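Taking it in order: structure first as structure tokens, then the write-up.
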Amino acid sequence: MKFEDHLPTASPPQGPNPCDDCALRQLEAFLPASAEELRIIQSFRVGSRRVPAGGAIIEEHRPSAQLFTLYAGWAFRYKTLRDGRRQILNFLLPGDFIGLQDEFADGQTHGVEAVTDTTLCAFSRDKLWELFHAQPRLGYAITWLAAREEKLVDDNLVTAGRRNASERVAMLLMHLYRRAQRVGMERDGWVEFPFNQQHLADALGLSLVHTNKTLRRLQHLGLYKLDAGWLRILEPRALEALGDYFERPIRPTPLI
């Protein structure tokens with residue numbers, strides 16, 4: 001029997017239910033919302049969207065009339081240089097609110113690409129101020145999400161600027177594993193990890209060769225196992241120490 005036969009299989013993304021019956025809202029990762037808040041969010045929502053793996057959720061350099069909440073699947077936010085070099089700014093998981101940065105910037109600041117088949121809740125950008133006005137608490141929640149996004153970018157800057165290659169890889173593996181675990185994506189100790197080495201290199205600012213060597217070194221040390229698109233952390237304390245990853249437990253976050 002092949003090793004892969006023991007691995008979980010990824011479920012295809014399901015369509016989102018109405019806001020008052022949203023599967024994500026059953027998770028402890030997200031703050032509860034009142035019936036009135038759910039009604040407002042539902043009125044803000046203009047539908048759902050499915051984007052296949054490799055597809056554009058938001059095209060770089062093109063304005064998007066919509067904001068999104070990722071309901072199922074993995075995605076990433078990125079910028080590219082003229083010569084095609086790409087920097088992945090952060091990875092996106094279910095519950096993440098997408099596209100808010102461009103509300104406060106001149107022109108499109110980034111692109112968002114689906115890594116796996118994804119399902120998203122879509123919201124009209126034009127109704128954003130109306131939402132702030134009708135429900136100041138929801139407006140604060142969106143502001144909180146924007147501040148959290150800024151913190152993630154700050155952490156990535158520290159990683160790219162000060163951590164060495166082993167520390168960068170250790171930090172990213174723990175960060176993605178813990179975030180996936182938090183939103184119920186763990187199965188028998190494994191989380192789906194659909195990224196190739198180019199994704200990791202583009203996120204960490206390393207060459208593809210250096211990324212490959214570092215991943216092999218850490219796996220040889222028995223710190224993690226990566227197989228058939230699934231990740232398992234074997235020595236979490238050692239990997240956390242190596243990556244200087246000592247996050248406090250992530251508190252429940254708003255869900256739009």
Side-chain angles (χ1 to χ4, degrees), residues 10-19 21-31 33 38 41-42 44-60 62 64-79 88-103 108-125 127-128 131 138 141-153 156 172 175-187 191-195 199 203 229 231 250 252-256:
S11 301
Q14 303 297 314
N17 295 328
C19 294
D21 191 33
C22 175
L24 291 180
R25 295 188 184 279
Q26 310 306 313
L27 301 174
E28 294 181 358
F30 301 107
L31 291 169
L38 291 176
I41 293 172
Q42 183 70 51
F44 180 40
R45 179 175 153 189
V46 294
S48 61
R49 180 179 168 192
R50 292 179 182 269
V51 179
I57 295 172
I58 294 178
E59 293 190 36
E60 196 174 16
R62 291 190 180 182
S64 172
Q66 295 180 330
L67 304 166
F68 303 96
T69 291
L70 184 57
Y71 182 80
W74 287 86
F76 63 85
R77 194 164 63 88
Y78 70 94
K79 286 181 69 73
I88 290 180
L89 303 171
N90 68 318
F91 293 99
L92 303 168
L93 291 88
D96 286 343
F97 196 54
I98 301 171
L100 189 62
Q101 292 83 358
D102 292 325
E103 187 66 26
Q108 195 72 6
T109 61
H110 64 272
V112 179
E113 181 177 312
V115 184
T116 65
D117 292 344
T118 58
T119 303
L120 305 106
C121 297
F123 305 93
S124 173
R125 185 182 296 276
K127 293 183 179 180
L128 184 61
L131 177 68
L138 288 177
I142 291 174
T143 303
W144 192 95
L145 290 171
R148 175 174 174 266
E149 180 82 10
E150 182 179 0
K151 178 188 179 299
L152 292 176
V153 173
N156 291 343
L172 185 60
H175 174 70
L176 294 179
Y177 184 88
R178 292 299 187 207
R179 288 184 65 199
Q181 189 179 48
R182 174 177 170 270
V183 293
M185 297 174 73
E186 178 188 7
R187 301 182 187 179
V191 299
E192 186 184 12
F193 198 80
F195 310 108
H199 288 125
L231 170 69
I250 304 175
T253 62
L255 178 63
I256 303 300

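Predicted model, so just to flag it, every value in this text is computed and none were measured. Sequence positions, counted from 1, serve as the residue numbers for this chain.
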To the nearest 0.5 Å, atom CD of Gln26 lies from atom CG of Asp21 at 7.0 Å
Step by step, work out the salt bridge (Lys or Arg N to Asp or Glu O under 4.0 Å) result for Glu149 and Arg77. CA-CA 11 Å; Glu149 180 82 10; Arg77 194 164 63 88; 3.0 Å; yes
Ring of Phe30, cation from Arg182 - is the NZ or CZ under 6.0 Å from the centre and inside 45° of the axis? yes
Apply side chain to side chain contact (heavy atoms under 4.5 Å, CB included) to the pair Leu120 and Val51, showing each step before the final yes or no. CA-CA 8 Å; Leu120 305 106; Val51 179; 3.8 Å; yes
From Leu131 atom CG to Phe44 atom CZ, the distance as rounded to the nearest 0.5 Å: 5.0 Å
Look up atom OG1 in Thr118 and atom CZ in Arg49, then write down how far apart they are to the nearest 0.5 Å. 8.0 Å
I'd like to know whether Phe123 forms a side chain to side chain contact (heavy atoms under 4.5 Å, CB included) with Gln66, so could you lay out the CA-CA distance, the side-chain angles of the two residues, the decisive distance to 0.1 Å, and finally the verdict. CA-CA 5 Å; Phe123 305 93; Gln66 295 180 330; over 6 Å; no
Could you measure the distance from the CD atom of Glu192 to the CE atom of Met185? Nearest 0.5 Å is fine. 5.5 Å
Is there a donor-acceptor contact under 3.5 Å from the side chain of Glu113 to the main chain of Gly55? no
Would you say Glu28 and Pro252 make side-chain contact, with heavy atoms under 4.5 Å? no
Can you tell me if Asp96 uses its side chain to pair, donor with acceptor, with the backbone of Leu70 under 3.5 Å? no
Has Thr119 got a side-chain atom pairing as donor or acceptor with Arg50's backbone, closer than 3.5 angstrom? no
Atom CD of Glu150: over 12 foreign heavy atoms under 6.0 Å: no
Identify the heavy atoms of Ala33 and Arg25 that sit nearest to each other, and give their distance. CB-NH1, 3.9 Å
Show, in sequence, the C-alpha distance, side-chain angles and deciding distance for Leu176 and Trp74, and conclude whether the side chain to side chain contact (heavy atoms under 4.5 Å, CB included) test is met. CA-CA 11 Å; Leu176 294 179; Trp74 287 86; 4.2 Å; yes
Considering all heavy atoms, the nearest Thr116-Gly73 contact: OG1-CA, 3.4 Å
Main-chain N/O of Ile256 paired to Thr69 side chain as donor or acceptor, under 3.5 Å: yes
Work out which heavy atom in Ala75 is nearest to a heavy atom in Val112; give both atom names and the distance. CB-CG1, 4.3 Å
Gap separating the CG atom of Leu92 from the CD1 atom of Ile98, nearest 0.5 angstrom: 5.0 Å
Anything under 30° is parallel, anything over 60° is perpendicular, the rest tilted; go ahead and classify Phe91 against Phe76. perpendicular
Specify the closest pair of heavy atoms between Leu38 and Cys19, including all atoms of both residues, with the distance to one decimal. CD2-O, 3.8 Å
Between the OH atom in Tyr71 and the CG atom in Leu255, the distance rounded to the nearest 0.5 Å is 10.0 Å
List the atom of Leu89, the atom of Asn156, and the distance in Å for their closest heavy-atom pair. O-ND2, 2.6 Å
On a heavy-atom basis, which atom in Pro254 and which in Leu31 lie closest, and how many Å separate them? N-CD1, 3.9 Å
